[in-house]
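Whatever order the structure lists ligands and atoms in, that order sets their numbers, starting from 1. Basis for what follows: all heavy atoms, side chains included, without hydrogens, waters or symmetry-related copies.
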Amino acid sequence: MKKIAVIMGSDSDLPVMEKCINKIKEFGVPCEVRVLSAHRTPSQTKEFASSLKENGFGVVIAAAGKAAHLAGAVAANTILPVIGIPVKSSTLDGLDALLSTVQMPSGMPVATVAIDGAENAALLALQILAVSDEEIAHKFDNMRKIASEKVLEKDRIISEKYSFYAE
Ligand code: RP5
């Protein structure tokens with residue numbers, strides 16, 4: 001099974017990233033978690049990104065806040081799909097990180113999720129692996145089924161409690 005690489009620009013991103021890491025763990029997919037910074041450890045970031053494919057990874061998640069160049073810097077050094085998470089860690093509420101992550105030049109895509117969208121980043125990474133992995137695809141089907149059953153149950157409860165003169 002291909003591994004997922006989860007990189008964050010600082011350990012201060014960890015509270016956001018725990019949702020991402022936990023979701024990947026729930027699916028039983030191997031995952032390596034690193035703190036690497038495009039600005040503070042540029043050569044280590046480049047070295048890690050350049051060897052992702054040969055080290056058995058299938059997809060990368062890169063999270064950073066402020067002038068968030070991490071996902072772009074990783075994308076520049078690998079052909080694996082890169083998912084960027086803009087982290088809300090500044091006085092600009094993450095809008096700075098969103099724009100820095102999403103506005104990549106053509107030819108160098110980063111699939112950017114919402115500000116602090118750590119769980120969706122994990123799900124997108126798992127969906128990418130599920131294209132060629134039946135075990136992960138099957139877990140996805142189950143997860144979707146449970147999610148839809150939960151909403152149907154909430155619909156039943158709310159409808160019974162609040163509807164009126166509707167017969
Ligand atoms: C970014 O700057 C990190 O990803 C983090 O979101 C932000 C602040 O980092 P620290 O100063 O808390 O290490 O590079």
Side-chain angles (χ1 to χ4, degrees), residues 1-133 136-137 139-140 143-144 147:
M1 189 182 278
K2 295 272 187 207
K3 300 185 281 184
I4 298 178
V6 173
I7 313 170
M8 61 199 93
S10 166
D11 62 344
S12 64
D13 300 321
L14 191 57
V16 170
M17 292 309 290
E18 274 173 347
K19 282 189 196 129
C20 172
I21 297 161
N22 291 339
K23 186 53 73 180
I24 297 168
K25 194 180 268 175
E26 212 178 291
F27 272 74
V29 173
C31 173
E32 185 171 335
V33 182
R34 300 287 304 270
V35 175
L36 289 166
S37 164
H39 307 116
R40 293 165 175 160
T41 58
S43 54
Q44 289 84 349
T45 301
K46 185 179 177 186
E47 195 186 319
F48 184 72
S50 317
S51 52
L52 281 162
K53 201 158 185 279
E54 72 204 49
N55 284 333
F57 291 93
V59 58
V60 195
I61 297 170
K66 298 185 175 171
H69 296 127
L70 182 60
V74 171
N77 287 289
T78 182
I79 58 156
L80 293 184
V82 178
I83 300 166
I85 307 175
V87 177
K88 181 176 166 176
S89 61
S90 77
T91 46
L92 296 180
D93 278 344
L95 190 58
D96 43 0
L98 172 64
L99 297 178
S100 307
T101 307
V102 80
Q103 290 284 31
M104 288 295 289
S106 55
M108 207 53 69
V110 166
T112 306
V113 295
I115 296 168
D116 288 355
E119 187 173 327
N120 266 359
L123 291 172
L124 184 54
L126 291 159
Q127 282 176 308
I128 290 167
L129 295 188
V131 171
S132 56
D133 189 309
I136 302 175
K139 285 182 182 164
F140 251 101
M143 189 198 72
R144 288 267 168 106

Report all side-chain donor-acceptor pairs from residues 55-64 shorter than 3.5 Å, counting only partners two or more places apart or in another chain.
unit_1, atom_1, unit_2, atom_2, d
N55, ND2, S51, O, 3.1

Tabulate below the donor-acceptor pairs under 3.5 Å that side-chain atoms of residues 119-130 make, not counting sequence neighbours, or state none.
none

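In plain terms, the two heavy atoms of L52 and A5 that are nearest each other are CD2-CB, 3.7 Å.
Using cut-offs of 30° and 60° on the angle between ring planes, the pair F140 and F27 is tilted.
Annotation: side chain of M1 is in contact with side chain of I136 (closest heavy-atom distance under 4.5 Å).
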Close N/O pairs between ligand 1 and protein, under 3.5 Å:
unit_1, atom_1, unit_2, atom_2, d
ligand 1, 4 (O), D13, OD2, 2.6
ligand 1, 4 (O), G65, N, 3.1
ligand 1, 6 (O), D13, OD1, 2.6
ligand 1, 6 (O), G65, N, 3.1
ligand 1, 6 (O), S89, OG, 2.9
ligand 1, 11 (O), R40, NH2, 3.1
ligand 1, 12 (O), S12, OG, 2.7
ligand 1, 13 (O), S10, OG, 2.6
ligand 1, 13 (O), R40, NH1, 2.8

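Residues in residues 100-116 take part in no side-chain hydrogen bond (donor to acceptor under 3.5 Å, both in side chains) pair, two or more places apart or across chains.
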